[in-house]
Amino acid sequence: MSEGPQMKTVAGDVEACAAAWIIKRRDSDRWSGEDERTLNLWLDESWAHRVTYWRLDAVWDRADRLGVLYPSRPVRGRFRPTFLKIAAGLAFVAMIGTGAAYWTTRPTMKTYATSIGGRELVSFADGTKIELNTDTVLRANMTTTARTVWLDRGEAYFQVRHDAAHPFVVMVGRQRITDLGTKFLIRRDAGQLKVALVEGSVRLAAAKPEATLKRGDEAIVSANSFSVAKKTAKELANELSWRRGFLVFRHTTLADVATEFNRYNLQKIVIGDAAAAETTIDGTFLTNDPGAFTDAAQTVFGLRVQNRGNLIVVSR
């Protein structure tokens with residue numbers, strides 16, 4: 001287990017724990033994959049953990065932009081934080097103790113979230129629109145001088161009003177997607193990022209070197225891989241069918257179908273054996289009607305369907 005901030009925190013310690021995570025994460029020499037997993041577990045413990053972390057991280061980002069945290073001087077081949085950085089850290093902690101008053105008056109950062117099965121369309125003054133899919137959390141800092149959003153969880157479709165002087169940037173973890181005049185889809189799953197271009201282009205900093213994606217490109221990024229495939233207009237339309245309340249499957253395994261339905265519904269589908277899991281199906285279903293899928297599996301493939309409260313078990 002990571003030696004980072006303690007996983008369990010009482011209400012009065014949440015801000016201090018969030019601050020400790022932020023400080024450690026910004027020290028790249030100390031940050032590890034185990035730290036990342038432990039932090040994600042802590043964030044998933046409660047909504048209060050996530051909101052507090054995002055709030056304090058945004059304050060620290062503002063200090064970065066003001067240049068307070070960067071000055072340093074070399075000592076024996078390394079860089080040691082100067083007095084200004086130490087002072088900034090102390091000010092950060094003091095601010096936590098007083099309730100982070102700055103945040104309560106800051107108007108530009110806003111969080112948008114959807115529940116399981118929910119969707120939301122967000123429109124901004126510059127003409128940009130973002131449509132949030134099920135179980136998605138997105139933060140936006142949209143001003144006349146900066147346009148940055150953070151996709152913290154889930155999936156969103158972006159229709160961006162291009163402005164070369166003020167680029168539109170999406171941050172997904174440590175990955176950066178910069179709009180070059182675009183309509184695009186981003187989906188963030190555990191350990192994987194997908195970016196699909198419907199129109200225009202984006203610059204994707206996840207690739208080494210950076211890649212520019214064009215219309216029809218779909219990039220898949222994980223910790224150890226990066227790939228780009230060309231998608232047809234029909235395939236992209238199918239991936240965006242959730243905007244109309246549908247899921248479209250083409251030669252999709254029942255295991256993957258179950259995974260998709262489970263994103264949209266509290267009642268979960270479990271495929272009970274390997275043979276059933278590898279069976280493929282074609283079809284179009286409402287996102288909120290897993291029963292239609294299980295009925296089809298039963299009728300077409302002769303599979304057994306058992307309803308067990310919040311679980312639907314499908315097996316041979």
Decide yes or no on side-chain hydrogen bond (donor to acceptor under 3.5 Å, both in side chains) for N133 and T136, but give the supporting numbers first.
CA-CA 6 Å; N133 196 7; T136 294; over 6 Å; no

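- Proximity of the aromatic rings of F261 and F293 is defined here by a centroid distance below 6.0 angstrom, and this criterion is met.
- Taking CE of M109 as the start and CE of M142 as the end, the distance is 11.5 Å to the nearest 0.5 Å.
- The nearest pair of heavy atoms linking E155 to Y264 is OE1-OH, 4.3 Å.
- Tracing side-chain contacts under 4.5 Å through hydrophobic residues (I, L, V, M, F, W, Y), one never reaches L185 starting from L151; they form parts of separate clusters.
- For the pair R203 and E210, the salt-bridge criterion is met [side-chain N within less than 4.0 Å of a carboxylate O].
- Atom CG of L197 and atom NZ of K183 lie 12.5 Å apart (nearest 0.5 Å).
- Note on D189 versus K194: no salt bridge recorded, every NZ/NE/NH1/NH2 to OD/OE distance being 4.0 Å or above.
- Screening residues 158-202 for ring pair (Phe, Tyr, Trp, His ring centres under 6.0 Å), with sequence neighbours left out, gives F158-F184.
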For a salt bridge (Lys or Arg N to Asp or Glu O under 4.0 Å) check, start with the C-alpha distance between E260 and R187, then their side-chain angles and the critical distance, and finish with the verdict.
CA-CA 12 Å; E260 284 303 297; R187 176 168 168 175; 2.7 Å; yes

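- Of the possible donor and acceptor atoms, one in the side chain of T182 sits under 3.5 Å from a partner among the backbone N and O of S201.
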Step-by-step side-chain hydrogen bond (donor to acceptor under 3.5 Å, both in side chains) determination, R119 to T287
CA-CA 11 Å; R119 296 197 307 273; T287 59; 4.9 Å; no

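- Shown here is K230, whose NZ atom has more than 12 heavy atoms of other residues, nucleotides or ligands within 6.0 Å.
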Worked check of side-chain hydrogen bond (donor to acceptor under 3.5 Å, both in side chains) between D126 and T128
CA-CA 6 Å; D126 69 345; T128 293; 3.1 Å; yes

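- Put simply, the side chain of S225 never gets that close to the backbone of V221: no donor and acceptor are under 3.5 Å apart.
- In this structure, I177 CD1 and L213 CG are separated by 9.0 Å, a value rounded to the nearest 0.5 Å.
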Tell me, with the steps shown, if T259 and D256 meet side-chain hydrogen bond (donor to acceptor under 3.5 Å, both in side chains).
CA-CA 5 Å; T259 297; D256 288 340; 4.9 Å; no

